[in-house]
Amino acid sequence: MPELPEVEVLRRDLAAEVVGRRVDAATVTGARTVRRHPPDEVVEAVAGRRIRAVGRHGKFLLVELDDGTVLVVHLRMSGQLRLEDPARPAPPHTHAVLALDDGRVLRFVDPRTFGELFVTGPDRPELAGLGVDALEPGLSPADLARQLAGRRAPVKAVLLDQRRVAGLGNIYTDEVLHEAGVHPFRPGGSLTAAEVRKVARVVPKVLRAAVEARGSSLADAQYVDLYGRTGGFQRAHRVYGREGLPCPRCGAPVQRLRLGNRSSFSCRSCQK
DNA sequence: CAACCGACCTGTTCGC
DNA sequence: TGCGAACAGGTCGGTT
């Protein structure tokens with residue numbers, strides 16, 4: 001499911017497609033999806049508004065409306081946004097729909113219902129705790145050094161912590177740490193200055209390449225874009241999901257470890 | 001404050 | 001083939 005690159009692909013496509021459109025009507029059928037409000041409140045807040053811009057911070061998508069209201073979307077594990085003709089049957093697990101003034105509908109689809117929509121004001125206090133976005137404006141080596149300093153938690157856990165850096169998830173932390181040659185279980189505070197610089201340099205490199213390839217869609221193709229298409233970056237994964245396959249740098253088999261309850265993929269010989 | 005763990009859900013895949 | 005177990009890309013709240 002979506003991490004920063006997948007959300008960025010949606011943001012760009014939405015910006016091109018819906019900025020300037022008016023939301024003629026909204027329907028919310030999944031109360032859990034709008035758990036922060038009574039459903040009517042969300043409908044009320046967006047209906048009749050024009051879309052001014054589409055932004056992003058970490059994995060949060062920010063649909064800015066003409067009265068300053070921001071519709072915030074987080075896809076969590078299984079959320080999708082689909083921009084479709086309303087004549088097309090709504091996919092199962094469609095929890096909210098915005099009808100646009102060009103005749104199309106924007107559908108929020110989410111089987112696991114971890115995702116959510118909420119509305120907030122222009123300063124969006126709900127997102128105040130997020131760290132710097134991993135892509136834009138990005139993470140300087142000094143920022144990263146500050147986040148890692150003194151941490152005994154594994155460097156991967158620090159990178160996954162959205163309060164420290166916003167946007168990285170399980171796939172892209174593994175890809176970044178492999179490319180940087182750093183073992184995911186290394187205590188955050190144990191990285192050398194050179195390693196910190198390397199990681200800081202690799203983060204935007206990997207994320208840009210992933211956006212360019214329109215994100216990662218794993219075998220079950222959970223992630224699809226606005227038009228239902230899968231991404232292509234999974235073909236460029238070096239370690240994620242590649243247990244037992246040769247490391248592209250040194251040929252040693254990729255190992256799968258556990259960090260907390262999640263899989264972590266790395267190369268035993270070139271990530272120390 | 002930092003670190004760890006289970007919980008939140010449904011769908012798909014894996015192993016017996 | 002059938003069936004339960006394990007697993008999935010993210011966060012949050014509670015506990016130590």
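We name chains A, B, ... by the order of the sequence lines, and we start the count at 1 in each one.
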If you write DNA chain B from 5' to 3' in dot-bracket form, with Watson-Crick or G-U pairs under 3.5 Å, [ ] for crossing pairs and | for pairs with another strand, what do you get?
-> .|||||||.|||||||
Return the stacking result for B:dC9 and A:Phe114: yes when the ring centres lie under 5.5 Å apart and the planes under 30°, no otherwise.
-> no
Answer with base, sugar-phosphate or nothing: what part of the nucleic acid does A:Arg256 contact at a heavy-atom distance below 4.0 Å?
-> sugar-phosphate
Is there a donor-acceptor pair closer than 3.5 Å between any side-chain N or O of A:Glu175 and the backbone N or O of A:Tyr240?
-> yes
Under 30°, 30 to 60°, or over 60°: which ring-plane class applies to A:Phe118 and A:His37, parallel, tilted or perpendicular?
-> tilted
Looking at A:Leu100, A:Asp225, A:Val105, which hits side chain to side chain contact (heavy atoms under 4.5 Å, CB included) with A:Leu83?
-> A:Leu100
Whole-angstrom distance between B:dG11 and C:dT1, as gauged at atom P = 23 Å
Stepwise side chain to side chain donor-acceptor pair (under 3.5 Å) check, A:Glu17 with A:Tyr227 | CA-CA 11 Å; A:Glu17 298 271 14; A:Tyr227 317 102; 2.4 Å; yes
With distance as the sole criterion, do the side chain of A:Arg151 and the base of B:dA2 form a donor-acceptor contact below 3.5 Å?
-> no
Under 3.5 Å, is there a donor-acceptor pair between the side chain of A:Gln234 and the main chain of A:Ser217?
-> yes
P spacing across the pair B:dC9 / C:dG14, given as an integer number of angstrom = 15 Å
Answer yes if the side chains of A:Ser216 and A:His237 hold a donor-acceptor pair under 3.5 Å, and no otherwise.
-> yes
Remember a base hit wins even if backbone is also touched, and classify A:Asp110 as base, sugar-phosphate or nothing at under 4.0 Å, heavy atoms.
-> nothing
